[in-house]
A.B. asks: 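Sharing a structure here in structure tokens format.
Just follow the structure's listing: the first ligand is 1, and inside any ligand the first atom is 1. Note that this is a predicted model, so its numbers are computed, not measured.
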Amino acid sequence: MLNTIDGLARRLIGSSFFYMRRFLFRILCVGSMPNHIAFILDGNRRYAKKRNMAEGTGHRAGFLAVMSMLKYCYELGVKYMTIYAFSIDNFKRSREEVQFLMDLMLEKIEGLLKQESVINEYGVRIHFIGNLQLLDEPVRVAAEKAMQATANNTNSNLLICVAYSSTDEILHAAQASCQGKWNEIQELNTNRSQNAEITEEKLELDHVIKLVDIERHTYMRLAPDPDILIRTSGETRLSDFLLWQTTNCVLYSPKVLFPEIGLRHLVWAVLNFQRHYPHLQKIKKQL
Ligand SMILES: CC(C)=CCC/C(C)=C/CC/C(C)=C/COP(=O)(O)OP(=O)(O)O
């Protein structure tokens, strides 16, 4: 009897929170809304330490926080959400910690592919972003499987950055772009076409083409630049994350550890973005 009353009360509280959230989001959506929110998941180990829990507990709690952020972003109509799940620098951590994080990643990717997961419920497309060749084979295979399995989902996108660093991404894009240009030159030479006169406008145009070309080769090319970057635990460093994509991004750094992030932080980040929006539009027009 007590169990039934308890269950009923929980369901009642759950649904009233849902309607209150929906009402809040409706008001928020009156203003300009971000299209893409990125997260640096800082403070998972500290969360476990603060609570005298085993280290891995913090990362597990961090994953749950990722899932609630994904749910709120979906409800808000934010089409892209990116997370910095594992940097290239993270490979320098102890062998046990790297192994734990890889195992956790594998377990969570497999969980995400289950029928009843949030991914399927919301129709989220998953993208793994980074130098995936650096991952252990089982994780890489699972990541590829997840991308394939969700390729037809169109409601929103979750970009998971693993074995990622922005300098690696830019280097990779520059190399791929130069290789492309080199191939074009070789092709021109073999076609024995005449070298046209080099004018200032042509150099200018070439510079623009190169820039566009680099963008075209970045790992993040499939998403628009993020509008908001949230880094938890009060840190304001970018830590080699999305350096190419954050020129006009609003940074928000709440003083909570990542597993503690909640609805109020996300709402505050969006309000902060809306405050900056007119200025951002002015800058974009000037470019
Ligand atoms: C499949 C999927 C989405 C998995 C995500 C799992 C997850 C939450 C990964 C976080 C990994 C990480 C190194 C976070 C940084 O916190 P930290 O370890 O640096 O903590 P600290 O800042 O307290 O030292």
A.B. asks: So do Arg45 and His59 actually touch side chain to side chain, heavy atoms under 4.5 Å?
C.D. replies: yes
A.B. asks: Can you find an N or O of Asp42 that's nearer than 3.5 Å to an N or O of ligand 1?
C.D. replies: yes
A.B. asks: How about Lys108 and Arg60: do any of their side-chain heavy atoms sit closer than 4.5 Å?
C.D. replies: yes
A.B. asks: Any side-chain heavy-atom pair from Leu266 and Ile37 closer than 4.5 angstrom?
C.D. replies: yes
A.B. asks: Do me a favour and list the nearest non-hydrogen protein atom to atom 15 (C) of ligand 1 with residue, atom name and distance?
C.D. replies: Leu41 O, 3.0 Å
A.B. asks: Would you check the N or O atoms of Tyr47, main chain and side chain alike, for any that come under 3.5 Å of an N or O of ligand 1?
C.D. replies: no
A.B. asks: Among Met105, His59, Arg60, which one puts a heavy atom closest to atom 4 (C) of ligand 1?
C.D. replies: Met105
A.B. asks: Give the atom numbers and elements of ligand 1 that come within less than 4.0 Å of a heavy atom of Lys108.
C.D. replies: 1 (C)
A.B. asks: If you take the nearest heavy atom of each of Phe63, Phe86, Phe258, which one is closest to atom 2 (C) of ligand 1?
C.D. replies: Phe63
A.B. asks: Consider only side-chain heavy atoms of I, L, V, M, F, W and Y, link residues closer than 4.5 Å, and tell whether Phe86 and Leu70 are in one cluster.
C.D. replies: yes
A.B. asks: Does the N or O separation between Asn90 and ligand 1 drop below 3.5 Å for any pair?
C.D. replies: no
A.B. asks: When only distance counts, is Leu112 in polar contact with ligand 1, meaning an N/O pair under 3.5 Å?
C.D. replies: no
A.B. asks: Suppose we call two aromatic rings close when their centres sit under 6.0 Å apart. Are Phe273 and Tyr277 close by that rule?
C.D. replies: yes
A.B. asks: Using 4.0 Å as the upper bound for N to carboxylate O, is an ion pair formed by Lys71 and Glu121?
C.D. replies: no
A.B. asks: Show the nearest heavy-atom pair for residues Gly43 and Pro259, with the distance to one decimal.
C.D. replies: O-CD, 4.0 Å
A.B. asks: Identify which of Ala48, Ala61, Ala85 has a heavy atom lying nearest to atom 9 (C) of ligand 1.
C.D. replies: Ala85
A.B. asks: Describe, in one word, how the ring planes of Tyr74 and Tyr122 are oriented to each other, choosing from parallel (under 30°), tilted (30 to 60°) and perpendicular (over 60°).
C.D. replies: parallel
A.B. asks: Can you tell me the protein heavy atom closest to atom 3 (C) of ligand 1 and the distance?
C.D. replies: Ile83 CD1, 3.6 Å
A.B. asks: Considering heavy atoms of the protein only, find what lies nearest to atom 6 (C) of ligand 1 and give residue, atom and distance to 0.1 Å.
C.D. replies: Leu104 CD2, 4.3 Å
A.B. asks: With a 4.0 Å cut-off on heavy atoms, is Arg93 touching ligand 1?
C.D. replies: yes
A.B. asks: Checking a contact table here: which protein heavy atom is nearest atom 24 (O) of ligand 1, and how many Å away?
C.D. replies: Arg45 NE, 2.9 Å
A.B. asks: Check contact between Val66 and ligand 1, using heavy atoms of the residue and a distance below 4.0 angstrom.
C.D. replies: no
A.B. asks: Rounded to the nearest 0.5 Å, what separation is found between the CG atom of Leu263 and the CZ atom of Phe17?
C.D. replies: 9.5 Å
A.B. asks: Quick one: nearest non-hydrogen protein atom to atom 23 (O) of ligand 1, plus distance?
C.D. replies: Arg46 N, 2.8 Å
A.B. asks: To check your reading of the model: name the closest protein heavy atom to atom 16 (O) of ligand 1, its residue, and the distance in Å.
C.D. replies: Asn44 ND2, 3.0 Å
A.B. asks: So which of Gly43, Ala142, Gly62 gets nearest to atom 21 (P) of ligand 1, if we judge by its closest heavy atom?
C.D. replies: Gly43
A.B. asks: For the residue pair Ser177 and Arg216, establish whether any side-chain heavy-atom pair is separated by less than 4.5 Å.
C.D. replies: no
A.B. asks: Where does the angle between the aromatic ring planes of Phe241 and Tyr84 fall among parallel (under 30°), tilted (30 to 60°) and perpendicular (over 60°)?
C.D. replies: parallel
A.B. asks: Under 4.0 Å from ligand 1, counting heavy atoms only, is it the side chain of Leu257, its backbone, both or neither?
C.D. replies: neither
